[in-house]
Amino acid sequence: MPGFEPGAAAEQRFNVNLSILFTELPLLERPAAAAAAGFCAVELWWPWAGSPTPERSELDALKRAVEDAGVRLTGLNFYAGQLPGPDRGALSIPGAESERFRANIEVAAGFAQSLGCGALNALYGNRVEGVDPAEQDALALENLALAARAADRIGAVLLIETLNRPESPRYPLVSAAAGVAVVDRVNEATGLGNARFLMDLYHLSMNGEDLPSVIERYAAKTGHVQIADNPGRGAPGTGSLPLAELLGQLAKAGYDGWVGLEYKPGDRPSAEAFGWLPREARAAR
């Protein structure tokens with residue numbers, strides 16, 4: 001598998017998404033597995049898909065697992081419904097799902113604060129048949145403003161993510177411009193300026209976007225980057241995306257945040273899915 005040029009890797013800080021990598025292991029064993037693979041930072045989707053408000057004992061157990069592994073939690077999703085699964089967020093879904101999202105806001109923010117995590121990702125949610133999209137968008141803005149204020153109280157940023165239409169046909173944010181427009185609306189509504197774009201290069205490429213142009217236009221509004229190759233959503237080098245070049249362009253544009261590894265390991269243990277990245281580049285802080 002092709003690797004990054006040493007210079008390209010040296011410019012980046014990589015973390016491992018433990019909701020798509022190391023999932024062959026129980027949740028509480030994944031932070032240590034990431035550390036054993038040489039990484040110092042991890043991120044997570046909301047780990048309890050069935051519950052926005054898990055028992056304190058579950059939160060404490062995961063906190064201990066992260067601390068005992070000696071890794072940092074650098075990104076966490078708010079409750080997003082059944083993910084992985086059919087859902088793509090809860091905050092724009094009227095009724096019970098919106099209430100679950102609201103119940104989760106302080107829980108997720110408190111957990112993030114307990115581990116010094118500075119980024120909280122809020123997935124927008126699918127369109128609902130029979131519900132006016134404008135009604136969903138108004139609810140989304142209201143809930144995103146609540147989330148932004150909670151993030152601000154712990155010194156964190158709120159991330160808004162674009163997904164891709166082929167895999168998420170009912171998700172309304174399927175272009176970089178759409179995601180950034182929501183970022184701008186949230187910042188205008190709160191006056192806090194802590195909403196940022198989550199630039200997932202895999203999703204954007206699946207939408208057929210001009211990635212160098214997206215980086216040029218939106219790097220300054222980007223709070224986090226995630227990568228996987230395309231086609232296949234595998235490790236860099238398994239598809240055709242010029243990820244080293246794109247990350248190099250991001251660095252030149254001033255992006256110095258984390259790059260989340262959010263790819264599928266394929267038919268092998270996750271620990272074997274990092275051959276593209278020199279070990280000395282994995283623990284870059």
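Just so it is clear, the structure is predicted and the values come from calculations on it, not from any experiment.
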Student: Is Leu192 close to Asn187 at the side-chain level, that is, under 4.5 Å between some pair of heavy atoms?
Tutor: no
Student: Measure across Asp256 and Arg13 and return the closest heavy-atom pair with its distance rounded to 0.1 Å.
Tutor: O-NH2, 3.0 Å
Student: For the residue pair Ala119 and Leu159, what are the closest heavy atoms and their distance?
Tutor: CB-CD1, 3.9 Å
Student: With distance as the sole test, does Tyr171 use its side chain to make a donor-acceptor pair with the main-chain N or O of Tyr124 at under 3.5 Å?
Tutor: yes
Student: Please find the pair of heavy atoms, one from Ala219 and one from Leu250, that lie closest to each other, and give the distance.
Tutor: CB-CD2, 4.1 Å
Student: Indicate, with yes or no, if Leu73 and Phe14 share a hydrophobic cluster defined by side-chain heavy-atom contacts under 4.5 Å among Ile, Leu, Val, Met, Phe, Trp and Tyr.
Tutor: yes
Student: What's the shortest heavy-atom distance between Ala122 and Leu91, and which atoms?
Tutor: CB-CD2, 3.7 Å
Student: Partners of Arg88 by side chain to side chain donor-acceptor pair (under 3.5 Å), sequence neighbours excluded?
Tutor: Ser168
Student: Are Val214 and Asp210 close enough that some pair of their side-chain heavy atoms sits under 4.5 Å apart?
Tutor: no
Student: In terms of hydrophobic clusters joined by side-chain contacts under 4.5 Å, are Met206 and Val225 together?
Tutor: no
Student: Ser98: which residues meet the side chain to side chain donor-acceptor pair (under 3.5 Å) condition with it, sequence neighbours left out?
Tutor: Asn143
Student: As an exercise, state the distance from CE of Met199 to CD1 of Ile160, rounded to the nearest 0.5 Å.
Tutor: 14.5 Å
Student: Residues two or more places apart in sequence or in another chain: which of them pass salt bridge (Lys or Arg N to Asp or Glu O under 4.0 Å) with Lys264?
Tutor: none
Student: Start with the C-alpha distance between Val128 and Ile93, add both sets of side-chain angles, then the distance that settles side chain to side chain contact (heavy atoms under 4.5 Å, CB included), and finish with yes or no.
Tutor: CA-CA 7 Å; Val128 178; Ile93 313 296; 3.7 Å; yes
Student: Indicate yes or no: at least one non-hydrogen side-chain atom of Phe197 is less than 4.5 angstrom from one of Val182.
Tutor: no
Student: Can you check whether Ser19's main-chain N or O pairs, donor with acceptor, with Thr23's side chain at less than 3.5 Å?
Tutor: no
Student: Please confirm whether the backbone N or O of His203 pairs with a side-chain atom of Asn164, one donor and one acceptor, at under 3.5 Å?
Tutor: no
Student: Side chains of Pro133 and Pro172: closer than 4.5 Å at any heavy-atom pair?
Tutor: no
Student: Is the backbone of Val157 close enough, under 3.5 Å, to the side chain of Asn194 for a donor and an acceptor to pair up by distance?
Tutor: no
Student: Would you list the atom pairs, donor with acceptor, under 3.5 Å between side chains in residues 105-117 and any protein atom, with sequence neighbours excluded?
Tutor:
{"residue": "Glu106", "atom": "OE2", "partner": "Arg153", "partner atom": "NH2", "Å": "2.4"}
{"residue": "Ser114", "atom": "OG", "partner": "Phe111", "partner atom": "O", "Å": "2.7"}

Student: How far apart are the closest heavy atoms of Tyr263 and Leu21, and which atoms are they?
Tutor: O-CG, 3.3 Å
Student: State yes or no: do Leu123 and Ile227 share one hydrophobic cluster built from I, L, V, M, F, W and Y residues joined by side-chain heavy-atom distances below 4.5 Å, directly or via other members?
Tutor: yes
Student: Under the salt bridge (Lys or Arg N to Asp or Glu O under 4.0 Å) test, which residues partner Arg64, sequence neighbours left out?
Tutor: none
Student: Any chance you could measure Leu277, atom CG, to Arg282, atom CZ, to the nearest 0.5 Å?
Tutor: 5.5 Å
Student: How close do Leu173 and Ala178 get, counting heavy atoms only, and between which atoms?
Tutor: CD2-O, 3.9 Å
Student: So, the side chain of Asp229 versus the backbone of Pro236: is there a donor-acceptor pair under 3.5 Å, distance only?
Tutor: no
Student: Let me check something: do Phe274 and Ile20 share a hydrophobic cluster, defined by ILVMFWY side-chain heavy atoms less than 4.5 Å apart, either directly or through other members?
Tutor: yes
Student: Would you mind listing every ring-ring contact (aromatic ring centres under 6.0 Å, His included) that reaches into residues 61-104, with sequence neighbours excluded?
Tutor: Phe78-Phe101
Student: What residues, two or more places apart in sequence or in another chain, satisfy salt bridge (Lys or Arg N to Asp or Glu O under 4.0 Å) together with Glu97?
Tutor: Arg100
Student: To the nearest 0.5 Å, how far apart are CZ in Arg149 and CG in Leu158?
Tutor: 11.5 Å
Student: Could you give all pairs that pass the side-chain hydrogen bond (donor to acceptor under 3.5 Å, both in side chains) test and reach residues 212-222, with sequence neighbours left out?
Tutor: Asp184-Lys221
Student: For the side chain of Arg268 and the backbone of Glu272, is there at least one donor-acceptor N/O pair under 3.5 Å apart?
Tutor: yes
Student: Which pairs of donor and acceptor atoms, one on a side chain in residues 33-49, lie under 3.5 Å apart (sequence neighbours left out)?
Tutor:
{"residue": "Glu43", "atom": "OE1", "partner": "Asn15", "partner atom": "ND2", "Å": "3.3"}
{"residue": "Glu43", "atom": "OE1", "partner": "His224", "partner atom": "NE2", "Å": "2.7"}
{"residue": "Glu43", "atom": "OE2", "partner": "Asn17", "partner atom": "ND2", "Å": "3.1"}
{"residue": "Glu43", "atom": "OE2", "partner": "Gln226", "partner atom": "NE2", "Å": "2.9"}
{"residue": "Trp45", "atom": "NE1", "partner": "Glu262", "partner atom": "OE2", "Å": "2.8"}
{"residue": "Trp46", "atom": "NE1", "partner": "Trp48", "partner atom": "O", "Å": "3.2"}
{"residue": "Trp46", "atom": "NE1", "partner": "Ser51", "partner atom": "O", "Å": "2.8"}
{"residue": "Trp48", "atom": "NE1", "partner": "Glu58", "partner atom": "OE1", "Å": "3.3"}

Student: Hey, does the side chain of Asp200 reach the backbone of Tyr202 with a donor-acceptor pair shorter than 3.5 angstrom?
Tutor: yes
Student: In terms of side-chain geometry, is the basic nitrogen of Arg127 or Asp132 positioned less than 4.0 Å from the acidic oxygen of its partner?
Tutor: no
Student: Decide side chain to side chain contact (heavy atoms under 4.5 Å, CB included) for Leu201 and Leu247; before the verdict, give the C-alpha distance in whole Å, the side-chain angles of both, and the deciding distance to 0.1 Å.
Tutor: CA-CA 10 Å; Leu201 296 177; Leu247 292 181; 4.3 Å; yes
Student: Do the side chains of Leu198 and Leu211 join up, straight or via other hydrophobic residues, at under 4.5 Å, putting them in one cluster?
Tutor: no
Student: Tell me every residue that passes side chain to side chain donor-acceptor pair (under 3.5 Å) with Thr162, counting only those two or more places apart in sequence or in another chain.
Tutor: none
Student: Is there a donor-acceptor pair under 3.5 Å between the side chain of Arg30 and the backbone N or O of Leu18?
Tutor: yes
Student: Taking side chain to side chain donor-acceptor pair (under 3.5 Å) as the test, write out the residues that go with Lys63, two or more places apart.
Tutor: Glu67
Student: Is it true that Arg102 and Glu142 have a side-chain N and a carboxylate O under 4.0 angstrom from each other?
Tutor: yes
Student: Restricting to salt bridge (Lys or Arg N to Asp or Glu O under 4.0 Å), what partner residues turn up for Asp60, sequence neighbours left out?
Tutor: Arg56
Student: Can you measure from CG (Asn77) to CG (Leu120) and round to the nearest 0.5 angstrom?
Tutor: 9.0 Å
Student: Do Pro54 and Leu59 have side chains that approach each other closer than 4.5 Å (heavy atoms only, starting at C-beta)?
Tutor: yes
Student: When you measure from the side chain of Glu209 to the backbone N and O of Ala176, does any donor-acceptor pair fall under 3.5 Å?
Tutor: yes
Student: Without swapping roles, check the side chain of Ser205 against the backbone of Leu241 for a donor-acceptor pair under 3.5 Å.
Tutor: no
